[in-house]
Amino acid sequence: MHSQPNDGMVRVRGAREHNLKNIDVDIPRDALVVFTGVSGSGKSSLAFGTLYAEAQRRYLESVSPYARRLFHQLTVPEVDSIDGLPPAVALQQQRGSPTTRSSVGSVTTLSNLLRMLYSRAGDYPIGQPLLYAESFSRNTTEGACPKCHGLGRIYEVTEKSMVPDDSLTIRERAVAAWPTAWQGQNLRDILVTLGYNVDKPWRDLSKKDRNWILFTDEQPTVPVYAGFTPAETRQALRHKLEPSYQGTFAGAKKYVLQTFANTNSPMMKKRVSQFMLSTDCPVCHGKRLKPESLSVRFAGYDIADISNLPLKRLKTLFAPFAVDGSGPSRKALGHPEKIIVTQRIAADLVARLSVLLDLGLGYLSLERSTPTLSPGEMQRLRLGTQLHSNLFGVVYVLD
């Protein structure tokens, strides 16, 4: 068996990953080591492509083949040998998940603790049954507001939002929400076949016709005579001439909502969103949770409000409960088990928050969306979570 030198060094020999040219280097352990150099000089190739990749590979060799399949594995690095290498944790420059449902609380797992606290030790209204922790998450069916589905806002489409200038005719694109180019022409030609007047100002059409064009859920398929005038189309229909094609109609509202929900094009989503009116959900008032979940309080706050407090304020709030589960007022919380649960969860929260405050993140809140964080903030959040795990004998690779 190959014996590794126990001199506190990581010894890299013959590193050739990416743009590294047969590099030999000795790196001290138990120290903060910085690789510097111009862009493209191989810093990341040495740190991540070589050191981290090899540390992860060696660790994964120790787990079962079945478990190994569940990991995203890096390829074997181009290097002759690495001695004295501990297991590694990678913290790379990236903003993290692009979804707005990912937050500081979810990245740090603090939200999980908070939901457990509200479930087990929250102040419930008299007569309300116990809620499980899932009921305090907007990302679950158990917790999401039934009106806005956990988004906090509702989106409405109105005649005014879709037809900003009612003096225009349909041919002049009065229905601005409809697509431009061929698809818009197609919808207009379908209306001609259906007998609607596309050359009359929108405001002069009957209310019934305007409502059907904008809000119908019907999707009739009819013959389309491309390039025909309305009179020529009527004549072609009478004589049952062969159409250019069969066209399917979609009301303007259905088009806007379906495009917004299903398109993969950010440009298309942005275009149709201008025809939608966004307002705070009238049920949860933007808090995203169902009323039963919002009725449970801890230290006077519902879980949505407490999640919007700065982390520094949260630590101050939980500190007394971490010492004594009955909190600063010393009032009994009821069952002794509830006091024990409160003390244990509060102590864990305070310990985790302390690390984040030491990293200078006390101004963030649990609700802060991860896409709004800088790469440095995101990296410190991950670092704080890793440090709290109290792993030792680990090398942290940061970019």
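Reckoned from all heavy atoms, side chains included, excluding hydrogens, waters and symmetry mates. Please read all numbers here as calculations on a predicted model, not as lab measurements. The first residue in the sequence is number 1, and the count goes up from there.
- For Trp202, there are no ring-ring contact (aromatic ring centres under 6.0 Å, His included) partners two or more places apart in sequence or in a different chain.
- In the hydrophobic clustering, Tyr225 connects to Phe228, Leu237, Leu241, either directly or through intervening members, whenever side-chain heavy atoms lie under 4.5 Å apart.
- Side-chain contact check for Ser307 versus Leu114: some heavy-atom pair is nearer than 4.5 Å.
- No chain of hydrophobic side-chain contacts below 4.5 Å, direct or via other Ile, Leu, Val, Met, Phe, Trp or Tyr residues, connects Leu20 to Val38.
- By the salt bridge (Lys or Arg N to Asp or Glu O under 4.0 Å) test, Arg203 is found to be paired with Asp166, residues two or more places apart in sequence or in another chain being considered.
- Atom NZ of Lys312 and atom CG of Leu309 lie 13.5 Å apart (nearest 0.5 Å).
- The closest side-chain heavy-atom distance from Pro291 to Leu294 is not below 4.5 Å.
- In terms of hydrophobic clustering, with Ile, Leu, Val, Met, Phe, Trp and Tyr side chains grouped at heavy-atom distances under 4.5 Å, Tyr118 and Leu130 are assigned to a common cluster.
- When the ring-ring contact (aromatic ring centres under 6.0 Å, His included) test is applied to Phe249, the partners found at least two apart in sequence or on another chain are Trp178, Trp212.
- Without hydrogens or angle criteria, Ser161 side chain to Val157 main chain gives no donor-acceptor distance under 3.5 Å.
- With sequence neighbours left out, Tyr363 forms a side-chain hydrogen bond (donor to acceptor under 3.5 Å, both in side chains) with Glu377.
- Remark: the backbone N or O of Ser135 is paired with a side-chain donor or acceptor of Ser293 at under 3.5 angstrom.
- Proximity of Thr109 to Arg352: side-chain heavy atoms (C-beta onward) are separated by under 4.5 Å at one or more points.
- Rounded to the nearest 0.5 angstrom, Lys200 NZ and Leu168 CG are separated by 15.5 Å.
- Using a 4.5 Å cut-off on side-chain heavy atoms (C-beta onward), Leu364 and Pro310 make no contact.
- One finds the CE atom of Met162 at 11.0 Å from the CD1 atom of Ile213 (value rounded to the nearest 0.5 Å).
- The line from CD1 of Ile126 to CD of Gln128 is 11.5 Å long, rounded to the nearest 0.5 Å.
- Residues that satisfy the salt bridge (Lys or Arg N to Asp or Glu O under 4.0 Å) test with Asp305, not counting sequence neighbours, are Lys287.
- One N or O on the side chain of Asn308 and one on the backbone of Ala304 form a donor-acceptor pair closer than 3.5 Å.
- Under the salt bridge (Lys or Arg N to Asp or Glu O under 4.0 Å) criterion, Asp80 pairs with Arg16, not counting sequence neighbours.
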Please tabulate, for the side chains in residues 272-284, all donor-acceptor contacts under 3.5 angstrom to protein atoms that are two or more places apart in sequence or on a different chain.
from: Ser273; atom 1: OG; to: Lys269; atom 2: O; distance (Å): 3.4
from: Ser273; atom 1: OG; to: Lys270; atom 2: O; distance (Å): 2.7
from: Gln274; atom 1: NE2; to: Arg271; atom 2: O; distance (Å): 2.9
from: Ser278; atom 1: OG; to: Arg153; atom 2: NE; distance (Å): 2.5
from: Ser278; atom 1: OG; to: Arg153; atom 2: NH2; distance (Å): 3.3
from: Asp280; atom 1: OD1; to: Arg153; atom 2: NH1; distance (Å): 2.9

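- Taking a 6.0 Å sphere around CD of Glu337, one finds it holds 12 or fewer heavy atoms contributed by other residues, nucleotides or ligands.
- Evaluation of the ring-ring contact (aromatic ring centres under 6.0 Å, His included) rule for Tyr124 yields no partner, not counting sequence neighbours.
- Formation of a donor-acceptor pair under 3.5 Å by the Thr193 side chain with backbone atoms of Pro223 is found in this model.
- Residue pairs meeting the side-chain hydrogen bond (donor to acceptor under 3.5 Å, both in side chains) criterion with at least one partner in residues 248-264, sequence neighbours excluded, are Thr221-Thr248.
- Closest approach of Lys160 and Pro164 over heavy atoms only: NZ-O, 3.3 Å.
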Which pairs would a plain distance check flag for residues 170-177, meaning a side-chain donor or acceptor within less than 3.5 Å of a matching protein atom at least two apart in sequence or in another chain?
from: Arg171; atom 1: NE; to: Asp199; atom 2: OD1; distance (Å): 2.6
from: Arg171; atom 1: NH2; to: Asp199; atom 2: OD2; distance (Å): 3.1
from: Glu172; atom 1: OE1; to: Thr169; atom 2: N; distance (Å): 3.0
from: Glu172; atom 1: OE1; to: Thr169; atom 2: OG1; distance (Å): 3.4

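- In this structure, CZ on Phe35 lies 11.0 Å from OG on Ser41, to the nearest 0.5 angstrom.
- Side-chain atoms of Ser119 do not come within 3.5 Å of backbone N or O of Arg115 as any donor-acceptor pair.
- Lys315 places no side-chain N or O within 3.5 Å of a backbone atom of Ser354 that could act as its donor or acceptor partner.
- In this structure the side chain of Arg210 reaches within 4.5 angstrom of the side chain of Glu159, judged on heavy atoms.
- Between the side chain of Asp189 and the backbone N or O of Val224 there is no donor-acceptor pair closer than 3.5 Å.
- Evaluation of the salt bridge (Lys or Arg N to Asp or Glu O under 4.0 Å) rule for Asp26 yields Arg11, Arg13 as partners, not counting sequence neighbours.
- Connection of Tyr245 to Leu187 is established within a shared hydrophobic cluster, with ILVMFWY side chains joined at heavy-atom distances below 4.5 Å, either directly or through further cluster members.
- In this structure, Arg368 contributes its side chain and Thr372 its backbone to a donor-acceptor pair below 3.5 Å.
- Heavy-atom neighbours of Arg120 CZ from other residues, nucleotides or ligands within 6.0 Å: at or below the threshold of 12.
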